[in-house]
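Here the structure comes first, spelled out in structure tokens, and everything after it is commentary.
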Amino acid sequence: MIQFFAPDIKETLELPESDSRHAVKVLRMREGDELQVIDGRGTAYTCRLADANHKHAAVEIISSTPMPLPWKQNLAVAVAPTKHNDRMEWLVEKMAEVGVNTIIPLLCERSERREIKTERLEKIAISAMKQSLKATLPKIMGMTPLREIIKMMPEAQRVVAYCDPTIPRIDFAQSYQPGLDTLILIGPEGDFSPSEIEHTLAAGFRPVTLGDNRLRTETAALYALSACHILDSKLLS
């Protein structure tokens, strides 16, 4: 099933130019053909192509169907962007496919990258949303300093993963409580600084380890997010 993304479909009854071109030029759809359009907010629309314009394809809405996410809680991952931008783009794609509500680029003392283009990451997330047959687009925030992130989601279970073995940590799988709103902090390639760990723990974050292996930043973030879904699935089984 091919999904098209049009966030304002109910108001405009049009596909964006990129999706219009894909439908008309690539798939060679014609007036009367049916297609599925998602709005990025949890609803899928069965539509009929009314005008096969390759720049502004017009549609008629036949029906709408709620497509809620398969998990109930809010899963947020705050991760320091990697030095090489392609690795951060890969991470956003995979987290959107696996399932995440919010992605927060994290600015730390040791961050290799201090600026990021969210527009590019949003396009990647849209593609991953369509690929994984979801109808809800993850929220991608701008670069956010750690001091602001530690104030977020105060009622959620909040964990920070880091490598320093001198500070006691709990295995993530043992610390995680399935079904609860969760905020995960993953530091930069040089790890969090000692003062950052101190401030984070003082704010109520639980210190966790992701195992004995030293993981790359993007691997650690995807590992932790995947573990949430695996542990949640055990709760439901």
Side-chain angles (χ1 to χ4, degrees), residues 69-113 121 124-125 128 132 138 140 144 146 149-150 152-153 156-237:
L69 293 170
W71 64 95
K72 303 298 183 182
Q73 74 273 40
N74 181 13
L75 296 176
V77 179
V79 54
T82 55
K83 179 179 181 180
H84 298 288
N85 202 43
D86 59 336
R87 286 163 54 188
M88 186 63 185
E89 293 178 354
W90 176 89
L91 174 60
V92 168
E93 177 185 71
K94 300 313 173 189
M95 286 199 295
E97 290 180 9
V98 169
V100 66
N101 297 83
T102 307
I103 299 171
I104 312 169
L106 171 61
L107 180 62
C108 300
E109 292 179 17
R110 298 172 177 173
S111 288
E112 294 278 359
R113 180 176 291 275
L121 298 182
I124 291 171
S132 56
I140 300 179
T144 307
L146 178 63
I149 292 178
I150 62 177
M152 296 179 180
M153 299 175 63
Q157 61 176 335
R158 306 189 301 171
V159 300
V160 54
Y162 55 91
C163 299
D164 188 351
T166 63
I167 304 174
R169 298 163 296 163
I170 307 169
D171 184 86
F172 180 78
Q174 296 178 350
S175 172
Y176 181 74
Q177 299 179 56
L180 300 182
D181 291 350
T182 303
L183 172 57
I184 301 168
L185 296 190
I186 304 292
E189 286 141 309
D191 206 0
F192 292 106
S193 70
S195 63
E196 287 175 328
I197 292 296
E198 180 182 350
H199 293 149
T200 303
L201 298 183
F205 282 75
R206 278 180 279 170
V208 299
T209 175
L210 301 178
D212 295 332
N213 298 320
R214 186 172 63 181
L215 305 177
R216 294 182 183 271
T217 296
E218 68 274 21
T219 309
L222 187 60
Y223 177 100
L225 179 63
S226 300
C228 293
H229 287 292
I230 293 170
L231 294 169
D232 285 341
S233 67
K234 290 184 178 181
L235 175 67
L236 297 174
S237 62

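Keep in mind it's a predicted model, so treat the numbers as computed, not measured.
Of the inter-residue distances, the one linking Lys72 atom NZ with Asp232 atom CG reads 12.0 Å to the nearest 0.5 angstrom. Rounded to the nearest 0.5 angstrom, Arg110 CZ and Glu189 CD are separated by 12.5 Å. The line from CD1 of Ile124 to CG of Leu91 is 10.5 Å long, rounded to the nearest 0.5 Å. In this structure, CG in Asn85 is found 8.5 Å from CE in Met88, a value given to the nearest 0.5 Å.
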All N/O donor-acceptor pairs, side-chain side in residues 95-104, below 3.5 Å, sequence neighbours left out:
residue, atom, partner, partner atom, Å
Asn101, OD1, Trp71, NE1, 2.8
Asn101, OD1, Leu75, N, 2.8

Ignoring hydrogens and angles, write down the donor-acceptor pairs under 3.5 Å from the side chains of residues 177-185, residues two or more places apart or on other chains.
residue, atom, partner, partner atom, Å
Asp181, OD1, Asn74, N, 2.8
Thr182, OG1, Gln157, NE2, 2.9
Thr182, OG1, Leu180, O, 2.8

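A donor-acceptor pair is defined here as one N or O able to donate and one able to accept, closer than 3.5 Å; no such pair exists between the side chain of Ser111 and the backbone of Leu107. No donor-acceptor distance shorter than 3.5 angstrom exists from the side chain of Arg206 to the backbone of Val159, with no hydrogens or angles considered.
Sorted by first and then second residue, the side chain to side chain donor-acceptor pair (under 3.5 Å) pairs involving residues 208-219 (not counting sequence neighbours) are Arg87-Glu218. A ring-ring contact (aromatic ring centres under 6.0 Å, His included) check over residues 157-195, counting only residues at least two apart or in different chains, returns the pairs Phe172-Tyr176. Note on residues 87-107: no pairs pass ring-ring contact (aromatic ring centres under 6.0 Å, His included), not counting sequence neighbours. Listed by first and then second residue, the side chain to side chain donor-acceptor pair (under 3.5 Å) pairs that reach into residues 221-230 come to none, sequence neighbours excluded.
The two residues Pro105 and Pro81 have their closest heavy-atom pair at CB-CG, 3.9 Å. Nearest heavy atom pair, residue Lys83 against residue Glu112, reads CB-CB, 3.7 Å. Heavy-atom minimum distance, Ile150 versus Phe205: CA-CE1, 3.7 Å. Smallest separation of non-hydrogen atoms from Met153 and Ala76: SD-CB, 3.7 Å.
Residues Glu89 and Leu121 have side chains in contact (heavy-atom distance under 4.5 Å, counting atoms from C-beta outward). Inter-residue side-chain proximity for Leu106 and Ile186 is flagged as unmet; no heavy-atom pair is nearer than 4.5 Å. When side chains are defined from C-beta on, Ser195 counts as touching Glu109, because their heavy atoms get closer than 4.5 Å.
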(request) Show the numbers, then the answer: is there a side-chain contact (heavy atoms from CB on, under 4.5 Å) between Met152 and Thr144? (result) CA-CA 11 Å; Met152 296 179 180; Thr144 307; 4.0 Å; yes
